[in-house]
Participant: 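Before I ask anything, here is the structure I am working with.
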There are 2 protein chains.
Amino acid sequence: MKKPAPPRPGGRSERVKTAVFDAVEHLIADDPGGIPSMAAIAVRAGVNPTSLYRRWGDVNILVAEVATERLVRDLPVPDTGSLHGDLTGWASNVARNLNNRKNSALLRIMTATARASRTARDLNSLPIGRRIAELEAMLARARKRGEYAPDLMDILDFVLAPIYLRVLFMGAIRDADFVGRLVDRVLSPPL
Amino acid sequence: MKKPAPPRPGGRSERVKTAVFDAVEHLIADDPGGIPSMAAIAVRAGVNPTSLYRRWGDVNILVAEVATERLVRDLPVPDTGSLHGDLTGWASNVARNLNNRKNSALLRIMTATARASRTARDLNSLPIGRRIAELEAMLARARKRGEYAPDLMDILDFVLAPIYLRVLFMGAIRDADFVGRLVDRVLSPPL
DNA sequence: GGATTAAAGCAATAAAAATTGCAATAGCGA
DNA sequence: TCGCTATTGCAATTTTTATTGCTTTAATCC
């Protein structure tokens with residue numbers, strides 16, 4: 001019989017949070033268009049609704065926190081020896097990660113709840129900050145190799161943005177070579 | 001003294017709808033991050049809350065309908081004699097239209113509530129169908145003039161998507177030449 | 001091992017959202 | 001102009017959401 005995992009640091013508080021976040025993810029996967037109620041989340045997580053109100057106050061705040069944390073967790077940054085390979089691998093991971101009901105629903109929620117930064121002073125504080133950090137690491141590596149590295153904003157505009165548009169407004173990314181073409185284009189030096 | 005506009009066809013039903021949609025827009029402009037309650041909408045519109053529940057059933061359905069109808073209303077399709085001029089004018093209109101609190105909030109709501117088409121069979125049925133129809137008209141005109149016209153999907157990916165990404169995740173479009181650079185790039189034939 | 005504290009649970013209560021049955025009204029069409 | 005119908009309004013009621021005061025519990029620290 002499998003021994004239960006030892007409690008993670010933070011004790012019950014952390015266990016409750018994990019149970020709640022798991023519950024939110026499952027409920028969103030079950031009904032991607034809807035926002036679950038606090039009651040439903042509490043039942044699914046096996047906790048008391050009062051705990052949810054005390055800790056998060058509002059279901060939209062909770063759901064937003066789940067969406068950001070569970071969706072934008074670190075993706076591996078490939079190290080293929082070329083920026084083309086690295087970027088293709090990374091973008092394929094992003095696209096694949098979003099190409100299911102749960103994660104596309106989480107992206108939708110993250111988009112809906114994003115508090116747009118007023119100053120864009122710290123790009124890493126944006127909801128897509130993790131993606132940005134991954135790209136920065138990738139671009140720094142490319143420059144180290146002496147490769148042409150496009151501007152970070154260009155990759156956001158011409159790789160990440162089209163992926164998001166397809167997922168949010170066209171349901172899925174069905175074109176197998178879509179990511180490859182995006183990468184080819186952004187790595188073409190501007191005329 | 002200005003005479004009031006004659007009532008539009010559809011009578012009270014249409015007047016109630018207009019009042020309700022106006023109310024939703026104003027409440028969203030006042031608090032771009034929030035979804036107004038049915039009670040608040042009813043008060044602002046001067047109608048009975050029961051009418052809202054009877055007609056729309058759920059505040060999210062109502063707000064989604066307002067977001068789609070008020071945001072994605074027809075934008076003028078410029079006719080400058082060249083695709084470059086037409087596309088630049090069109091994209092500038094899209095960007096300018098979204099560069100205020102109300103419309104960016106409406107875009108966020110539209111994104112959150114978009115029911116992604118499963119088959120993408122009819123692009124025009126998508127929430128961004130109006131933008132697509134505008135682009136189709138523009139591209140048809142360019143082909144008539146014998147100009148190189150990129151694929152419609154490329155314009156969505158490399159012009160509309162970056163605009164949406166900036167608005168949704170970076171707060172606003174502050175780069176004055178942003179749209180110009182997007183158009184230049186998409187009109188460069190792929191290598 | 002025990003004290004302390006923060007987090008969670010419980011049950012009652014308050015507030016808000018949503019529904020229902022019936023009445024009133026707008027406005028279309030004959 | 002009048003009849004008819006769909007829509008809207010009203011008030012009461014139900015349901016759901018959210019809050020509150022107090023108790024219990026987990027777990028940290030000494």
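Numbered from 1 within each chain, the chains take letters A, B, ... in sequence-line order. Please read all numbers here as calculations on a predicted model, not as lab measurements.
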Participant: May I have the distance from I41(B) (atom CD1) to dA18(C) (atom C1'), rounded to whole angstrom?
Facilitator: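 Checked: the CD1 to C1' distance equals 14 Å.
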
Participant: State which residues pass side chain to side chain donor-acceptor pair (under 3.5 Å) with T80(A); sequence neighbours excluded, sorted by chain then number.
Facilitator: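 T80(A): side chain to side chain donor-acceptor pair (under 3.5 Å) contacts with D86(A).
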
Participant: Report, as a single string ordered 5' to 3', how protein heavy atoms within less than 4.0 Å touch nucleotides 16-25 of chain D: B base, S sugar-phosphate only, - not at all.
Facilitator: -SBBBBB--B

Participant: Taking only Lys NZ, Arg NE, NH1 and NH2, and the carboxylate oxygens of Asp or Glu, determine whether R181(A) and D175(A) approach each other closer than 4.0 Å.
Facilitator: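 Looking at D175(A) together with R181(A), the answer is yes, because their closest N to O distance falls below 4.0 Å.
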
Participant: In whole Å, what is the span from the CD1 atom of I61(B) to the C1' atom of dA18(C)?
Facilitator: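 My rounded result for the distance is 13 Å.
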
Participant: Who passes side-chain contact (heavy atoms from CB on, under 4.5 Å) against V77(B), sequence neighbours left out?
Facilitator: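 By the side-chain contact (heavy atoms from CB on, under 4.5 Å) rule, V77(B) matches E134(B), M138(B), R141(B).
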
Participant: Whole-Å distance between dG9(D) P and R55(B) CZ?
Facilitator: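 Taking atom P of dG9(D) as the reference, CZ of R55(B) is at 10 Å.
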
Participant: To the nearest 10 degrees, what angle separates the axes at the start and end of the helix from dG1(C)-dC30(D) to dA30(C)-dT1(D), five pairs each?
Facilitator: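 Both end axes considered, the difference amounts to 40°.
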
Participant: Does R96(B) have any side chain to side chain donor-acceptor pair (under 3.5 Å) partners at least two apart in sequence or in another chain, and if so, which?
Facilitator: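 With neighbours one apart ignored, the set is N93(B).
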
Participant: Would you say N48(A) reaches dA8(C)'s phosphate, i.e. side-chain N/O to OP1/OP2 under 4.0 Å?
Facilitator: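 Looking at the OP1 and OP2 atoms of dA8(C), neither is under 4.0 Å from any side-chain N or O of N48(A).
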
Participant: Under the rule for side-chain contact (heavy atoms from CB on, under 4.5 Å), what residues qualify as partners of I61(B), not counting sequence neighbours?
Facilitator: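 With sequence neighbours excluded, I61(B) shows a side-chain contact (heavy atoms from CB on, under 4.5 Å) to D58(B), given in chain and number order.
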
Participant: Can the ring centroids of F169(B) and Y164(B) be said to lie less than 6.0 angstrom from one another?
Facilitator: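 No, the ring of F169(B) stays outside the 6.0 Å limit from the ring of Y164(B), centre to centre.
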
Participant: Whole Å only: how far is the CZ atom of R15(B) from the P atom of dG9(D)?
Facilitator: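 Taking CZ of R15(B) and P of dG9(D), I get 11 Å after rounding.
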
Participant: Quick check on salt bridge (Lys or Arg N to Asp or Glu O under 4.0 Å): which of R44(B), K102(B), R101(B) does D30(B) satisfy it with?
Facilitator: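 Result: among R44(B), K102(B), R101(B), R44(B) is the only option passing the salt bridge (Lys or Arg N to Asp or Glu O under 4.0 Å) with D30(B).
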
Participant: Contact between V63(B) and W56(B) at the side-chain level, heavy atoms closer than 4.5 Å - yes or no?
Facilitator: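 A side-chain contact under 4.5 Å is absent here.
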
